[in-house]
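Working notes, structure below.
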There are 2 protein chains.
Amino acid sequence: MFQRIEAVPAYRIVCDAIEKQIMSGRLGAGDQLPIETELAEQFGLARHTVREGLRLLEESGLVGREAGRRLVVKEPHYAELAPRASRALIMQRVTFEELWEVSMSLEPSAAARAASRIDDDQIAALEDNLRQMEEELAAGRSIIALDVAFHTLVAEIAGNKALLLAREPISQLFYPALEKLFAHPLNCVTGPRRLADAHRHIIDALKHHDRDAAELWMRRHMVDFRRGYELCSFDLREAIAFEGA
Amino acid sequence: MFQRIEAVPAYRIVCDAIEKQIMSGRLGAGDQLPIETELAEQFGLARHTVREGLRLLEESGLVGREAGRRLVVKEPHYAELAPRASRALIMQRVTFEELWEVSMSLEPSAAARAASRIDDDQIAALEDNLRQMEEELAAGRSIIALDVAFHTLVAEIAGNKALLLAREPISQLFYPALEKLFAHPLNCVTGPRRLADAHRHIIDALKHHDRDAAELWMRRHMVDFRRGYELCSFDLREAIAFEGA
DNA sequence: GATGTTCGTTTGTTGGACAAGCGAATATTT
DNA sequence: AAATATTCGCTTGTCCAACAAACGAACATC
């Protein structure tokens with residue numbers, strides 16, 4: 001007969017109100033928010049209550065602090081949204097197989113699209129990534145961060161904001177998976193080598209604006225990744241490990 | 001020569017500290033957090049500072065309030081993470097084309113996977129969704145929410161947590177796109193009808209555990225969606241409109 | 001022209017305080 | 001005895017008042 005009532009604390013209303021101003025365009029990226037005392041006065045609340053609302057906004061990525069100073073409205077960036085999503089997936093004990101399946105859908109088509117749109121600067125950025133990778137490889141250091149960065153670069157070149165946002169949390173989670181893979185004796189030498197070679201092929205395809213080749217090599221690259229995982233007898237259905245830092 | 005220094009406010013340290021406890025498993029989903037005064041004592045901070053940290057945690061979805069009472073640790077759910085991501089995409093003025101492209105990668109493979117795993121209860125849920133849709137259709141009401149729900153159902157049946165998280169923000173944004181589409185005279189009648197028919201075909205394929213048919217029909221369904229958009233001479237590269245509520 | 005001083009502004013932090021909602025225990029009524 | 005009312009303690013949400021630290025700007029000094 002009556003609807004469920006749930007009280008909304010004032011600090012949440014503050015957050016929603018400011019968010020609404022932002023989403024409606026009355027506050028745009030770069031604009032400064034009024035100072036806390038002024039907000040408190042406008043809302044008719046204590047400064048502290050307003051501050052709690054601002055913390056909510058801050059964590060949602062809509063506003064940011066500029067070097068300890070006044071809060072400014074921001075466009076949330078996929079790189080800030082991703083960690084939260086990654087955390088959620090870890091807590092839900094996502095498996096390698098799940099991550100791989102989604103990447104298998106997204107990465108090849110990202111490569112294909114990137115092939116159509118890539119320009120010289122972007123080619124240079126990819127080449128640079130590969131060069132650094134070769135250096136680290138020669139020095140016997142880890143290339144995992146560079147690998148994750150490479151794939152993000154390709155996705156950025158593809159120029160699809162939805163794709164970028166969708167794939168980043170997943171991409172980040174390959175970090176621990178790759179670490180595990182390259183720590184295994186069966187893969188610690190050939191694995192990174194094959195990875196760099198695949199990136200070489202992908203870059204070549206992108207350079208020639210060859211959609212099909214880019215897609216194909218990306219697909220092979222992903223399949224190879226999974227095969228390496230299986231070769232080491234890792235369980236594809238086991239939860240991805242927690243990455244400490 | 002020296003690294004950049006940036007002061008970290010205490011409330012953020014509080015957030016990070018508690019988050020670390022959660023991610024390390026020392027605090028698991030369902031556990032209650034200590035009360036605010038106790039946290040303040042342990043951290044050696046004022047209660048208010050701790051509260052601000054808790055607001056950050058709250059917005060990140062790691063803790064939640066149970067009916068105004070004590071905070072409990074939660075597993076962030078994709079349905080809570082999605083709105084933030086959707087907002088980010090709207091602010092970045094994501095286009096229909098971008099959303100469609102990603103969905104074109106994700107939805108068909110989700111359907112294929114769902115075909116392998118679907119059980120009777122899930123079939124019933126889909127059938128129920130379609131039945132409701134037919135009702136709304138007959139009553140001349142909007143079927144948009146049911147359409148979005150249908151696709152989310154299929155993704156849930158696919159049983160891939162990473163997929164679910166990746167697609168939901170995008171799926172949500174088709175809401176305004178569909179509204180625009182079905183408001184157009186060219187599509188307000190045939191559009192919803194074709195949509196329901198496609199869902200019928202998809203359900204049939206899923207029922208028979210026919211991966212290929214499910215994938216094919218989902219793909220056709222998506223292509224049809226785009227075609228409808230083009231038919232109405234809508235600009236695929238225009239930013240998706242802001243959805244008020 | 002570079003460095004130091006002063007000062008107002010704004011945020012981060014603290015302390016103490018109180019009302020309201022909730023759970024549990026206890027008292028009261030029928 | 002069962003249902004209802006009262007009381008009480010706990011915890012959160014909110015408020016008020018205050019101060020330290022960082023910053024920007026204007027000004028003074030060397």
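Chain identifiers are assigned alphabetically (A, B, ...) following the order of the sequence lines, protein sequences preceding nucleic acid strands; residue numbering begins at 1 within each chain. What you see is a predicted model, and the numbers here were worked out from it, not measured in a lab.
Summarising the geometry, the separation between CZ on B:Arg70 and P on C:dA20 is reported as 23 Å, rounded to the nearest angstrom. What separates CG of A:Leu54 from C1' of C:dT10 is a distance of 13 Å, to the nearest Å. Here C:dG12 presents its C1' atom at 13 Å from CG of B:Leu56, a figure rounded to the nearest Å. B:Glu6 places its CD atom 15 Å from the C1' atom of D:dA22, with the value rounded to the nearest Å. For the pair B:Arg65 CZ and D:dT12 C1', the interatomic distance rounds to 9 Å; values are reported in whole Å. The CZ-C1' distance, from B:Phe43 to C:dT13, rounds to 16 Å in whole Å. Per the geometry, CD belonging to A:Glu41 stands 15 Å off C1' belonging to C:dT10, to the nearest Å. Rounded to whole Å, the distance from CD1 on A:Ile13 to C1' on D:dT14 is 13 Å.
Residue B:Leu71 is out of contact with every strand shown, counting any heavy-atom pair closer than 4.0 Å. Nucleic acid contact for B:Arg55: sugar-phosphate only, since backbone atoms but no base atoms lie under 4.0 Å from a heavy atom of the residue. At the heavy-atom level, B:Ala7 lies nowhere under 4.0 Å from the strands shown.
The residue among A:Ile35 and B:Gly44 whose nearest nucleotide of DNA chain C lies closer to the 5′ end is A:Ile35. Residue whose closest nucleotide on DNA chain D sits further toward the 5' end, between B:His48 and B:Glu36: B:Glu36.
Between B:Tyr229 and B:Phe96, the ring planes lie parallel to each other; the angle is under 30°, not in the 30° to 60° tilted range. Between A:Phe174 and A:Phe225, the ring planes lie perpendicular to each other; the angle is over 60°, past the 30° to 60° tilted range.
For A:Thr49, a side-chain nitrogen or oxygen approaches OP1 or OP2 of D:dC15 to under 4.0 Å. Residue B:Tyr11 places at least one side-chain N or O closer than 4.0 Å to OP1 or OP2 of C:dG12.
Within the cation-pi definition used here (under 6.0 Å to the ring centroid, within 45° of the axis), A:Lys161 does not qualify as a partner of A:Tyr78.
Between A:Arg55 and B:Glu58 no salt bridge is recorded (no basic side-chain N to carboxylate O distance below 4.0 Å).
The base of C:dT14 lies outside donor-acceptor range of the side chain of A:Arg51, with no N or O pair under 3.5 Å.
Listed candidates were D:dG13, C:dG12, C:dT11. Nearest to the side chain of B:Arg47 is D:dG13.
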Next on the checklist: Apply side-chain contact (heavy atoms from CB on, under 4.5 Å) to residues A:His151 and A:Asp147 and explain how you reach the verdict.
Outcome noted: CA-CA 7 Å; A:His151 287 267; A:Asp147 175 53; 3.3 Å; yes
